[in-house]
Protein chains: 2
Amino acid sequence: MRSKQTSFDIAYRAGVSQSTVSRALRNSPLVNEETRLRVQAIAKELNYKVDKNASSLRTQLSGTIALLLFEDPTNDDSLINPFFLSMLGSITRASAKKGYDLLVSFQQMSNDWHADFEDTRKADGIILLGYGDYTDYEEKLVQLIKQETHFVRWGADVKGLSVVSVGCDNFQGGYQITEHVINKNRQHFAFLGGISIGSPEFLDRYSGHCQALKDNNLKVDSNLQIDAISTDESGYQAAKQLIAKGIKFDAICTASDLIAIGAMRAIQEAGYNVPGDVAIVGFDDIATACSTSPALTTAKQDTVLAGELLVDKLLQLVSGEVAQTQLMPATLVVRKSCGS
Amino acid sequence: MRSKQTSFDIAYRAGVSQSTVSRALRNSPLVNEETRLRVQAIAKELNYKVDKNASSLRTQLSGTIALLLFEDPTNDDSLINPFFLSMLGSITRASAKKGYDLLVSFQQMSNDWHADFEDTRKADGIILLGYGDYTDYEEKLVQLIKQETHFVRWGADVKGLSVVSVGCDNFQGGYQITEHVINKNRQHFAFLGGISIGSPEFLDRYSGHCQALKDNNLKVDSNLQIDAISTDESGYQAAKQLIAKGIKFDAICTASDLIAIGAMRAIQEAGYNVPGDVAIVGFDDIATACSTSPALTTAKQDTVLAGELLVDKLLQLVSGEVAQTQLMPATLVVRKSCGS
DNA sequence: CTGAAAGCGCTTACAG
DNA sequence: CTGAAAGCGCTTACAG
């Protein structure tokens with residue numbers, strides 16, 4: 001077994017007290033520079049590393065952030081929504097940049113959360129990430145607040161609770177991308193995405209979509225709105241349903257790229273040309289959006305910025321400061337799927 | 001500020017000693033059942049959670065695994081190879097299943113690794129994940145071994161070092177998928193993927209590919225092998241180079257799905273039909289492989305199994321047992337990209 | 001079955 | 001600038 005070095009070993013070698021070693025390694029200004037350098041050199045030579053359990057116990061700070069990633073309810077148990085995966089990447093980077101480690105935990109939205117990372121002192125705060133209607137878990141949020149857990153969440157603002165959220169301006173995104181398609185001279189718009197299954201994000205995108213249509217004197221036909229969850233398969237099925245209705249449409253707006261990708265497949269299999277016959281747009285800008293043919297025009301959610309905002313705001317809360325809920329704009333990414 | 005409960009608070013309420021509380025909460029058989037239940041009830045009522053820093057410090061076990069995820073060298077800083085993202089998901093699930101938390105850390109292959117999670121006692125062991133030539137970091141592996149760090153890695157077996165690896169049988173995968181295409185009556189095979197840029201995985205896939213060609217009396221034309229790293233863009237460029245050579249080919253095997261997807265785009269843009277004119281196959285079976293048109297035939301690496309094997313083997317090492325390097329088979333996933 | 005006590009390895013107020 | 005000492009909150013041998 002490896003023989004563990006402690007600060008006492010370093011102290012012995014350096015001929016100073018253990019307190020001085022501790023100070024030296026934390027770059028305390030209290031310690032003489034020469035002493036500090038000598039101690040640090042010895043620590044390095046012996047490959048000594050401060051025991052985080054001991055220091056966290058002492059300081060009551062873990063230097064760690066926990067990320068609770070909620071899985072899509074329909075998950076087939078091995079796939080994760082690529083948008084959240086991308087968020088995971090940016091959150092990891094953002095925490096590393098701040099010198100924090102990241103504990104990642106997958107959760108079922110429905111189950112009892114294992115949200116006790118802060119209670120167990122493994123993490124200083126928690127980031128909640130996942131689609132879903134917050135009313136489904138409002139109770140949990142209330143409990144987190146009651147326990148004074150430091151946390152921030154991704155998603156739409158939660159009314160009535162003092163929860164710090166970072167989210168995308170889904171209404172604006174839905175509006176903007178619909179307007180883009182309108183400018184491509186489309187008249188008959190379908191919308192694929194569940195507005196009735198408890199997803200405020202999707203509902204906001206749909207509302208923005210409808211507003212854009214109205215502002216441009218186009219009809220909102222509720223027969224052309226079909227529910228779908230954020231998977232390729234669900235988008236595929238929704239588009240098939242849409243086609244089966246036999247109502248004319250020349251544009252499909254969707255609540256997510258995954259839905260759009262599935263829809264594109266169904267539309268093309270049915271013999272339509274994209275964008276010739278039907279323009280299709282997504283939402284998110286996942287990596288795959290570049291690789292479809294035609295490449296998908298979409299509303300990009302800036303995951304890098306989102307990750308940084310989430311981490312920054314969480315660390316503000318951890319250090320006792322006040323943090324504000326913030327909405328990020330979605331930006332239009334024009335590719336080929338609704339014509340040039 | 002929240003007032004932290006300790007085991008002493010529980011002890012006081014339960015009218016027992018703190019030692020008994022500790023035993024009761026750990027379900028020690030030493031404690032009377034009635035006492036145990038009462039203590040546990042009180043703990044639950046007060047929402048008491050054991051301080052992991054204290055217990056980890058005491059037991060010298062953290063209940064945590066660290067995952068070091070190496071980024072592709074060419075990374076644009078926000079995208080992560082979807083295959084590794086998928087591995088990340090399965091590793092997270094596998095560790096949760098074993099009751100371990102997962103610390104995730106992104107690293108540059110080239111930089112000094114921040115591999116001291118075990119030295120700092122934040123983790124009991126480490127999983128290394130990323131493509132790359134192990135000779136590039138053999139020195140690091142040697143150091144990990146010297147420090148008696150518990151670790152396992154994803155990838156090809158490392159010769160000469162006692163490192164536990166879990167990897168895919170890339171030779172067999174490359175062989176199998178090439179044979180599949182051969183059976184589709186293709187004659188002129190190109191291969192896209194860097195065999196000269198220090199990636200043993202890619203090299204093994206290429207070797208399997210070549211062997212399959214030889215075994216079927218087909219020519220291996222090194223002019224039809226073009227380097228590419230595992231990105232859509234690199235695959236796209238490689239395919240354009242391939243076309244520019246003006247040598248006849250009717251099948252493209254690739255070292256990864258990402259390369260295949262980029263290549264498919266280039267081939268189609270050049271006016272060829274897939275699979276009519278050119279059959280294309282990938283490697284990995286990332287989620288996107290279902291969504292291309294035509295959908296990509298590929299060699300699947302079972303990430304769920306891989307995650308479980310990595311975690312299981314690491315935990316074996318942590319508990320002082322011996323673990324063996326293991327190679328998993330790749331399995332053929334037939335879709336549309338090389339005909340029916 | 002239970003309790004008193006030692007000790008895990010740090011950080012930091014306190015005293016000099 | 002440095003050291004001796006207390007204490008973070010547990011777990012577990014030891015004694016009963």
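Sequence lines set the chain letters: A, B, ... in the order given, protein chains first and strands last, and positions in each chain run from 1. Predicted, not measured: the structure shown is a model, and the values here were computed from it.
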Could you tell me the separation between the [atom1] atom of [X] and the [atom2] atom of [N], rounded to a whole number of Å?
X	N	atom1	atom2	result
B:Gln5	D:dC10	CD	C1'	15 Å
B:Asp9	D:dG9	CG	P	9 Å
A:Leu25	C:dC10	CG	P	9 Å
B:Leu61	C:dG9	CG	P	13 Å
A:Arg38	D:dC1	CZ	C1'	13 Å
A:Lys122	D:dG9	NZ	P	18 Å
B:Glu34	C:dC1	CD	C1'	12 Å
A:Tyr12	D:dG3	OH	C1'	18 Å

Earlier contact from the 5' end, DNA chain C, for B:Pro29 and A:Leu57 |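 Between the two, 5'-proximity favours B:Pro29.
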
Are [X] and [N] close enough that a side-chain N or O sits under 4.0 Å from OP1 or OP2?
X	N	value
A:Ser56	D:dC8	no
B:Arg23	D:dT11	no
A:Thr6	C:dG9	no
A:Ser17	D:dG3	yes
B:Gln60	C:dG9	yes
A:Tyr48	C:dG9	no
A:Arg26	C:dT12	yes

Looking only at side-chain atoms of [X], point me to the closest of [options].
X	options	answer
A:Asn32	D:dT11, D:dC14, D:dC1	D:dC1
A:Ser7	D:dT2, C:dT2, C:dC10	C:dC10
A:Ser19	D:dA4, D:dT11, C:dT2	D:dA4
B:Val50	D:dC10, D:dT2, C:dT11	D:dC10
A:Leu30	D:dT11, D:dT2, D:dA13	D:dT2

Heavy-atom distance under 4.5 Å between the side chains of B:Ile65 and B:Leu314, does that happen here?
->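 Counting from C-beta outward, B:Ile65 and B:Leu314 do come under 4.5 Å.
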
D:dA4: pairing nucleotide in any strand, Watson-Crick or G-U under 3.5 angstrom | none

Under 3.5 Å on both distances, the Watson-Crick or G-U partner of C:dA13 =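 Its partner is none (no Watson-Crick or G-U wobble pair with both distances under 3.5 Å).
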
Ignoring hydrogens and angles, does a donor from either the side chain of A:Arg58 or the base of D:dG9 sit under 3.5 Å from an acceptor on the other?
-> no

Should the pair [X]-[Y] be classified as a salt bridge under the 4.0 Å nitrogen-to-oxygen rule?
X	Y	result
A:Glu308	A:Arg93	no
B:Asp101	B:Lys52	no
A:Lys122	A:Asp116	no

Which part of the nucleic acid does A:Ser22 contact within heavy-atom distance under 4.0 Å: base, sugar-phosphate only, or nothing?
-> base

Does A:Ser56 reach the main-chain N or O of A:Leu61 with its side chain, forming a donor-acceptor pair under 3.5 Å?
->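 Here the side-chain-to-backbone pair exists.
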
More than 12 foreign heavy atoms under 6.0 Å from CZ of B:Arg13: is that the case here?
-> no

